[in-house]
Amino acid sequence: MFEKLCDNLNLLMAEIPINADELARRTGVPASTIKKIRNRYNPNPTLTTLLPLAEFFCVTLGQLAGNEPLPPARTKGQHLPSKTLQQIPLLSWEEAGAWPAQGIQPAHWLATEFHYSHNAFALLVEEDDLENLSRGTALFVDPALRPEHRDFIIVHKEGQKLPTLKQILFDEGQMYLKPLIQGYNIAALTMDHNIIGVVTEFKKHLRQPLPGDIKES
């Protein structure tokens, strides 16, 4: 049965075509795991591995695993992935300060119907006192966008451990950073600040736990 899974995965990947690294980016399944399945080195993959792959290729879990045959009338290229959702890596705030440096392997991903650049990422609000943003809200961040007046941005100041969420304001040729916590003062944007990316989407009321709360099975 595992050989059928290997054959089906190789077939579906070849039809797009897509390699293991890109498939990993789109599904959240590690590239090393995908390569092991393709080369028959992982005889007992888990459901958490197979489900994202089946959803990506628009087939059932049984069809991917070989328990069910692919449709008899199926033609080459019929089962292509849905392009309505993009998988964005969910980073910790510490990882965001170094992204997209090599060596960071996101463990979790969030889906969005909007299109983002290759280095886009998501963060979860970890504070309880931000204006209009509850703890657990997902922030989708695109480093390829240039900030505009009143945009929300992720910015990292030299000497600080973690980047922060601010609103950028333009006034008479100057740029200022407005904190989202009441009582904090607006400060000028200086050479010590590095704008990591522009927040383009909020997703509130998520049931997704914070990264530190996630327990791997």
Side-chain angles (χ1 to χ4, degrees), residues 1-92 95 99-100 102-124 136-141 201 203-217:
M1 193 64 67
F2 178 64
E3 291 186 357
K4 291 183 179 180
L5 168 63
C6 301
D7 291 341
N8 284 345
L9 181 59
N10 282 320
L11 175 66
L12 293 168
M13 290 178 65
E15 287 181 349
I16 293 181
I18 190 171
N19 60 35
D21 291 334
E22 179 63 16
L23 182 57
R25 190 183 73 82
R26 298 283 297 274
T27 63
V29 177
S32 58
T33 300
I34 295 171
K35 292 174 183 178
K36 287 179 180 179
I37 295 175
R38 297 188 70 186
N39 294 300
R40 295 176 168 80
Y41 293 150
N42 186 7
N44 190 28
T46 63
L47 284 177
T48 55
T49 294
L50 296 182
L51 281 173
L53 295 175
E55 291 176 357
F56 178 81
F57 290 110
C58 299
V59 297
T60 67
L61 186 60
Q63 289 171 343
L64 176 65
N67 297 326
E68 305 169 9
L70 294 171
R74 176 181 177 275
T75 57
K76 182 177 180 180
Q78 179 181 352
H79 294 289
L80 296 180
S82 171
K83 296 184 179 179
T84 59
L85 294 179
Q86 181 179 357
Q87 298 292 328
I88 303 295
L90 176 61
L91 306 181
S92 69
E95 289 173 332
W99 182 258
Q102 301 212 359
I104 297 178
Q105 297 293 331
H108 306 281
W109 299 68
L110 296 180
T112 176
E113 62 273 23
F114 298 103
H115 177 72
Y116 290 91
S117 68
H118 180 71
N119 290 326
F121 61 91
L123 295 167
L124 292 184
T137 297
L139 312 175
F140 288 79
V141 185
E201 180 184 355
K203 283 193 175 181
K204 296 185 178 181
H205 309 300
L206 296 182
R207 297 182 66 181
Q208 168 73 44
L210 295 176
D213 301 328
I214 296 174
K215 297 182 179 180
E216 301 292 349
S217 56

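Please read these numbers as outputs of a predicted model, since none were measured by experiment. By convention here, the first residue in the shown sequence is residue 1. Scope of the values below: all heavy atoms of this structure, side chains included, with no hydrogens, waters or symmetry mates.
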J.: Atom CZ in F56, atom CD in Q87: separation rounded to 0.5 Å?
T.: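 Reported value, rounded in 0.5 Å steps: 9.5 Å.
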
J.: Locate the shortest heavy-atom distance separating A138 from L110; write the atom from each residue and the value.
T.: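 Result for this residue pair: CB-CD1, 3.8 Å.
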
J.: Contact between L23 and V29 at the side-chain level, heavy atoms closer than 4.5 Å - yes or no?
T.: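 They are not in contact (no side-chain heavy atoms under 4.5 Å apart), so the answer is no.
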
J.: Please round to the nearest 0.5 Å and tell me the distance separating atom CD1 of I88 and atom OG1 of T112.
T.: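 Output value for this atom pair is 6.5 Å.
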
J.: How far apart are the closest heavy atoms of N8 and Q63, and which atoms are they?
T.: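 Closest heavy-atom pair between N8 and Q63: ND2-O, 2.9 Å.
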
J.: State, to 0.1 Å, how close A65 and K4 come at their nearest heavy-atom pair, and which atoms those are.
T.: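 Reported closest heavy-atom pair: O-CB, 4.0 Å.
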
J.: Going from CD on Q105 to CD on E95, what distance comes out if it is rounded to the nearest 0.5 angstrom?
T.: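 These two atoms lie 10.0 Å from each other.
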
J.: Look up atom NE2 in H108 and atom CG in L91, then write down how far apart they are to the nearest 0.5 Å.
T.: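 The distance works out to 11.0 Å.
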
J.: Measuring from atom CD of E68 to atom OG1 of T60, what distance do you get when rounded to the nearest 0.5 angstrom?
T.: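 Rounded to the nearest 0.5 Å, the CD-OG1 separation comes out at 4.0 Å.
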
J.: Applying the side-chain hydrogen bond (donor to acceptor under 3.5 Å, both in side chains) criterion to R38, which one of D7, N10, T33 satisfies it?
T.: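 Result: among D7, N10, T33, N10 is the only option passing the side-chain hydrogen bond (donor to acceptor under 3.5 Å, both in side chains) with R38.
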
J.: Is there a side-chain contact between K35 and Y41 (heavy atoms, below 4.5 Å)?
T.: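 No - every pair of side-chain heavy atoms lies 4.5 Å or more apart.
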
J.: side-chain contact (heavy atoms from CB on, under 4.5 Å), that's the test. Do T49 and I37 meet it? Break it down for me.
T.: CA-CA 10 Å; T49 294; I37 295 175; 4.0 Å; yes

J.: How long is the span from the CG atom in L64 to the CD atom in E55, to the nearest 0.5 Å?
T.: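 The distance works out to 11.0 Å.
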
J.: If you look at every heavy atom in A24 and W109, which pair is closest and at what distance?
T.: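 Between these two residues, the closest heavy atoms are O-CZ2, 3.8 Å.
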
J.: Any donor and acceptor pair, going by atom type alone, linking the side chain of N19 with main-chain N or O of D21 inside 3.5 Å?
T.: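 Judged by distance alone, yes, a pair lies under 3.5 Å.
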
J.: In the structure I gave you, are the side-chain heavy atoms of V141 and Y116 within less than 4.5 Å of one another anywhere?
T.: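 V141 does not reach Y116 side chain to side chain.
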
